[in-house]
2 protein chains.
Amino acid sequence: MNKIQESENCRNCNCKSSIFRNLTPDELEQINQGRYTVHYKAGEILFKQGTPSPHFVCLTKGLAKLYIEGYGKNLILALVKPVDYIFGPGSYVDNRHYYSAAAVEETTACLVDVNIFKRLIKQNPDFAEEFIRRVSLQAIFNFDQVVSLTQKQMPGRIADVLFYLREKIYEKNPFEITISRQDLADLSGMSKESSIRILKELKEEGILRVNGNTIEILNEKQLRQISQTG
Amino acid sequence: MNKIQESENCRNCNCKSSIFRNLTPDELEQINQGRYTVHYKAGEILFKQGTPSPHFVCLTKGLAKLYIEGYGKNLILALVKPVDYIFGPGSYVDNRHYYSAAAVEETTACLVDVNIFKRLIKQNPDFAEEFIRRVSLQAIFNFDQVVSLTQKQMPGRIADVLFYLREKIYEKNPFEITISRQDLADLSGMSKESSIRILKELKEEGILRVNGNTIEILNEKQLRQISQTG
DNA sequence: TCAGGACATTGACATTTGTCAATAAAAAAT
DNA sequence: ATTTTTTATTGACAAATGTCAATGTCCTGA
């Protein structure tokens with residue numbers, strides 16, 4: 001479907017995360033040495049919150065969700081699609097995962113030894129700076145999310161999630177979601193019944209077209225308005 | 001009141017953040033060159049969300065709150081006390097602040113030119129690694145916070161904030177809060193009326209002693225229980 | 001094809017939480 | 001000391017949201 005293609009070797013691979021752009025061929029070769037590829041079926045868990053975190057994970061195919069297992073409910077922090085990576089804060093603290101990750105679709109990932117990654121961070125200042133920049137972007141994204149979750153009412157939260165799905169994940173409109181209604185709820189901090197109801201209301205108001213898992217944003221302006229109003 | 005004391009010079013200063021422990025005397029001198037001290041009265045704003053972010057800010061006295069100005073409400077992300085620093089993610093993205101900071105008490109801070117800080121990050125890999133470690137700790141803290149805010153009911157959220165205040169900010173019990181009830185509400189994502197009511201209920205149940213701004217956790221076990229139950 | 005299971009949908013209802021208005025208390029200013 | 005202003009408190013009520021139970025739909029495997 002697109003030009004992304006795996007390679008035997010990180011040097012020639014065109015499905016590596018752009019975070020690696022500052023690495024020399026030799027450094028890429030070091031990454032390659034400590035790397036292996038894994039396939040996951042939809043629903044399979046990549047790693048569980050609380051377990052050791054020995055890998056930098058780079059998604060080359062599919063879709064994964066990152067979620068915190070809270071008190072009865074889950075909170076989905078983000079969806080990750082190719083070519084992006086998963087590298088949680090625990091790697092620099094206590095080598096534990098602070099969230100779980102699961103494949104939403106059939107997924108392929110490259111795992112890289114975390115120590116190699118950290119060694120390169122210390123060796124290559126440009127790489128380190130790029131890494132810090134990405135961690136910062138992540139933090140900014142999280143700020144938006146926490147404001148949405150704590151200060152907006154349900155329609156506003158659903159609106160934000162729909163924009164996120166359209167702009168960052170599926171990148172088209174209409175888009176066919178591969179996540180469940182429960183996932184939609186876990187992304188927007190509400191019960192699945194509520195997420196279904198809000199979706200239905202937005203449909204009845206003509207703001208969305210919803211047909212099973214196909215969603216189209218019909219009235220972007222009004223949805224944007226709902227996102228703002230809370 | 002304590003042994004913390006400012007100095008003319010970062011090298012001899014014993015109120016510098018421990019993040020600087022990996023710097024050489026020469027590097028500390030570089031920090032010192034681009035540094036100046038500022039005093040703030042209670043309530044004064046250190047910087048506003050959206051404005052340029054030219055400084056690494058290190059608190060040497062007082063207490064500050066970091067808060068996102070959302071839709072009508074504020075969300076307090078953290079309180080910062082000496083000797084700790086404020087350095088938001090915008091510095092590595094677009095040089096803008098993504099949250100505001102205001103003095104809660106009479107406060108003193110050292111401001112350091114952000115470019116000097118970033119230069120040292122690139123020069124000194126140990127310093128860079130320590131910085132990444134701290135950013136990671138921050139992220140982990142934020143995870144706990146977002147779970148509390150999105151998955152717990154009001155008593156659980158207040159319980160979490162009370163533990164935070166006792167363990168991380170005032171570091172004693174009983175403790176006298178210097179933040180308002182509105183701030184308490186902004187920390188726990190609710191209206192100030194609700195924060196007052198929950199405090200009252202916890203008092204009536206004998207879990208807290210509340211007298212004006214003095215709070216004592218009387219039944220830690222039960223409060224812990226409330227935090228867990230949601 | 002059919003049975004079983006997972007996911008989606010809906011309605012009724014209880015609970016949680018916010019809003020508004022009134023009052024009290026405390027702090028700041030004159 | 002007194003007024004003014006801010007902050008804290010309380011109660012009544014409305015709105016938002018979750019829970020539970022029933023039902024429908026879709027998909028999978030025998």
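Just so you know, these numbers use all the heavy atoms, side chains as well, and skip hydrogens, waters and symmetry mates. Numbers restart at 1 for each chain; the letters A, B, ... are given by sequence-line order, proteins then strands.
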Set of residues satisfying side chain to side chain contact (heavy atoms under 4.5 Å, CB included) with respect to B:A139, sequence neighbours excluded
A:P89
Value for OG1 (A:T51) from NZ (A:K48), rounded to nearest 0.5 Å, stands at 9.0 Å
Collect all protein-nucleotide pairs involving nucleotides 9-16 of chain C in which both atoms are nitrogen or oxygen and the distance is under 3.5 Å.
from, atom 1, to, atom 2, distance (Å)
C:dT9, OP2, A:R181, NE, 2.9
C:dG11, N7, A:R197, NH1, 3.0

Using a 4.0 Å heavy-atom cut-off, does B:S191 contact any base of the nucleic acid, only the sugar-phosphate backbone, or nothing at all?
base
First locate atom CD1 of A:I179, then atom CG of A:N213, and finally report the distance between them rounded to the nearest 0.5 Å.
9.0 Å
What is the distance, rounded to the nearest whole Å, between atom CD of A:E201 and atom P of D:dT17?
10 Å
If the condition is ring pair (Phe, Tyr, Trp, His ring centres under 6.0 Å), which residues does A:Y67 pass it with, not counting sequence neighbours?
none
What residues, two or more places apart in sequence or in another chain, satisfy salt bridge (charged side-chain N to carboxylate O under 4.0 Å, His left out) together with B:E216?
B:R209
Could you work out, with ring pair (Phe, Tyr, Trp, His ring centres under 6.0 Å) as the rule, every residue matching B:Y99, not counting sequence neighbours?
A:F143
Check: B:F56 ring centre within less than 6.0 Å of B:F131 ring centre
no
Side chain to side chain contact (heavy atoms under 4.5 Å, CB included) partners of B:A159, counting only residues at least two apart
B:L223, B:I226, B:S227
Per-nucleotide protein contact along nucleotides 22-30 of chain C, 5' to 3', at a 4.0 Å heavy-atom cut-off (B base, S sugar-phosphate only, - neither), is ---------
Please state how far atom CG in B:L184 lies from atom C1' in D:dT9, giving the value in whole angstrom units.
14 Å
Using whole Å, what does the distance between atom P of nucleotide D:dT9 and atom CG of B:L202 come to?
13 Å
Aromatic ring centroids of B:Y164 and B:F141 under 6.0 Å?
yes
To the nearest angstrom, how far is A:Q182 atom CD from D:dT19 atom P?
11 Å
Using a cut-off of 4.0 Å on non-hydrogen atoms, how would the nucleic acid contact of A:G43 be classed: base, sugar-phosphate, or nothing?
nothing
Ring center gap for B:H55 and B:Y85 short of 6.0 angstrom:
no
Applying salt bridge (charged side-chain N to carboxylate O under 4.0 Å, His left out), run through A:R224 and A:E220 and close with a yes or a no.
CA-CA 6 Å; A:R224 198 70 71 183; A:E220 160 140 11; 2.7 Å; yes
Listed in order of residue number, which residues of residues 67-78 of chain B have a non-hydrogen atom at under 4.0 Å from DNA chain D?
none
If the condition is ring pair (Phe, Tyr, Trp, His ring centres under 6.0 Å), which residues does B:F47 pass it with, not counting sequence neighbours?
B:H97
Rounded off to whole Å, could you give me the CG-to-C1' distance for the A:L149 and D:dT17 pair?
15 Å
Quick one: which of A:N74, A:D183, A:D186 gives a side chain to side chain donor-acceptor pair (under 3.5 Å) with A:K65?
A:D183
Got a sec, which residues hit ring pair (Phe, Tyr, Trp, His ring centres under 6.0 Å) with A:Y98, two or more places apart in sequence or on another chain?
none
Expressed as a whole number of angstroms, how long is the span from B:I179:CD1 to D:dT7:P?
14 Å
Between D:dA16 atom C1' and A:I226 atom CD1, what is the distance in whole Å?
16 Å
Heavy-atom distance under 4.5 Å between the side chains of B:I177 and B:T214, does that happen here?
no
Side chains of B:N95 and B:S53: any donor to acceptor distance under 3.5 Å?
no
In degrees, rounded to 10°, what is the bend between the two ends of the helix from C:dT1-D:dA30 to C:dT30-D:dA1, using five pairs at each?
40°
Going 5' to 3' through nucleotides 22-30 of chain D, assign each nucleotide B (protein heavy atom under 4.0 Å from a base atom), S (under 4.0 Å only from sugar-phosphate atoms) or - (no protein heavy atom that close).
---------
